[in-house]
Participant: 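I am attaching a structure below and will ask some questions about it afterwards.
Numbering of residues begins at 1 and proceeds along the displayed sequence. All ligand and atom numbering here is 1-based and tracks the order in the structure.
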Amino acid sequence: MENAPNKAEQNSPGARDVRRRRGPRRPRFQMRVSTKYAPRKPSEEKPLTCTTETTLKPEQMLELYRYLKMTRLVEERLVNLYRQTKVVGGVFRSLGQEATAVGSAYALQPRDFVTPLIRDLGAVLVKGIRPRDIFAQYMAKAWGPSGGRDLNIHFGDMGKGFIGPISHLGDMIPVMSGVLLAARMQKKPIVAIAYIGDGGMSTGAFHEGINFAAVQKLPLIVIAEYNHYAYSTPTNLQCPVRDLAEKAAGYNIPASIVDGNDIIASYEATKSAADYARRGGGAVLIEAKTYRRKGHAEHDDQRYVPSGEIEWWEKHNDPVDRYETYLIEQNIASKEKLDEITADVVRVIDEDCAWAESSPMPEPEKAAYGVFDNSIVPPAFRPEVLQN
Ligand SMILES: Cc1ncc(C[n+]2csc(CCOP(=O)(O)OP(=O)(O)O)c2C)c(N)n1
Ligand SMILES: [Mg+2]
């Protein structure tokens, strides 16, 4: 993507000044991404698996499997709770696209930051948030991380490097750019991922944020999740380019396209981007091609989806199936070992769900606390409320 000057330009008077103004050369960016991405035909006999080009060790691969299964099963449990009317608000699934969030977040170091969106529960779990916090949060319980003040993944944990998202799509790109600028000023060598959907990428805030990150060469990795829909709108009806990665040219930052349903490829692409960003290269855009198999949320019946489309992805391109095939084919794990990991994940989910269900609902008066910093401003009670 770099605009290399031609010979005449290099030798022209003032070229050295231009070079000085442009700053030092950026390190070369070499991404280890799967270039094999292409929509596959259902007639293929061999099931899809994952890339074998990896630096991951077998024990890391099994940990990755644990997070992948945990993401899927935590969401399934949330659907059960929703059907029992125990969830406050909606349930937003990442069914069919879990590998993108899990694989990418796993490529970061513990001190690095993420800001996920509703499809990125996997990144939240990789960052060390326990399923019990997710269950309590979705049920708006007192023991949940926001104490019932907010829902789903709208909470954060600065200590774990998890910046809670706000609802306004695109806005977390400038916020994360600000976090990275602050880190640079404090000489903290962190990098960060901000996730964005194909729809969210069409906002003004996205453009402003990524433009700023590119100009400032901030170590921001933007993971753009091409999951074919924004609510009920197919991507091609709201986005004029075929590949979201093309947008990087407008910011002169490197970009790549990765098969987002290949967890190893998602990991490797992000690892390369994180190494590049950490070396001072600046912002990077990774487009993950994936598919949203559920509606926007549980209430959405998806009648706008062409018939057979969801079933095709479920049968031929499920990220969990692909990774299981891979682990068994590569002799990383037996089927029994994978079942053992899954059983342990189910045990944790059972325990954590019971814990969250046993939590009381928050006391109404608690809503007045924590609105502002109560060490500076008293709780936000209205005087007449106090009198009654
Ligand atoms: C600025 C803004 N406009 C509209 C919305 C309402 N909204 C929430 S999610 C969503 C669809 C997002 O689609 P996409 O970015 O593709 O993410 P996906 O749900 O597919 O993961 C919309 C329109 C919003 N939250 N913020
Ligand atoms: Mg989308």
Participant: For a side-chain hydrogen bond (donor to acceptor under 3.5 Å, both in side chains) check, start with the C-alpha distance between Tyr65 and Glu324, then their side-chain angles and the critical distance, and finish with the verdict.
Facilitator: CA-CA 8 Å; Tyr65 179 72; Glu324 286 178 350; 2.5 Å; yes
Participant: Look only at the side chain of Lys127 and the backbone of Pro110, and say whether a donor-acceptor pair between them is shorter than 3.5 Å.
Facilitator: yes
Participant: Which pair of heavy atoms, one from Asp150 and one from Gln137, lies closest together, and at what distance?
Facilitator: O-NE2, 3.1 Å
Participant: Between Phe155 and Phe162, what is the ring plane arrangement, given parallel below 30°, perpendicular above 60°, and tilted in between?
Facilitator: perpendicular
Participant: His207: what forms a ring-ring contact (aromatic ring centres under 6.0 Å, His included) with it, not counting sequence neighbours?
Facilitator: Tyr251
Participant: So, are Asp259 and Arg322 salt-bridged, with charged N and O less than 4.0 Å apart?
Facilitator: yes
Participant: What are the protein N/O/S atoms, named by residue and atom, that sit under 2.8 Å from the Mg ion (ligand 2)?
Facilitator: Asp198 OD1, Asn227 OD1, Tyr229 O
Participant: Angle class for the Tyr369/Phe381 ring planes (parallel below 30°, perpendicular above 60°, tilted otherwise)?
Facilitator: perpendicular
Participant: Show the protein residues that qualify under the rule heavy atom under 4.0 Å from an atom of ligand 1, listing them in chain and number order.
Facilitator: Arg119, Ser167, His168, Leu169, Gly197, Asp198, Gly199, Gly200, Asn227, Tyr229, Ala230, Tyr231, His296
Participant: Can you list the residues that meet the ring-ring contact (aromatic ring centres under 6.0 Å, His included) rule with Tyr229, with sequence neighbours excluded?
Facilitator: Tyr304
Participant: Which word best sums up how the rings of Tyr326 and Tyr323 line up, parallel for under 30°, tilted for 30 to 60°, or perpendicular for over 60°?
Facilitator: parallel
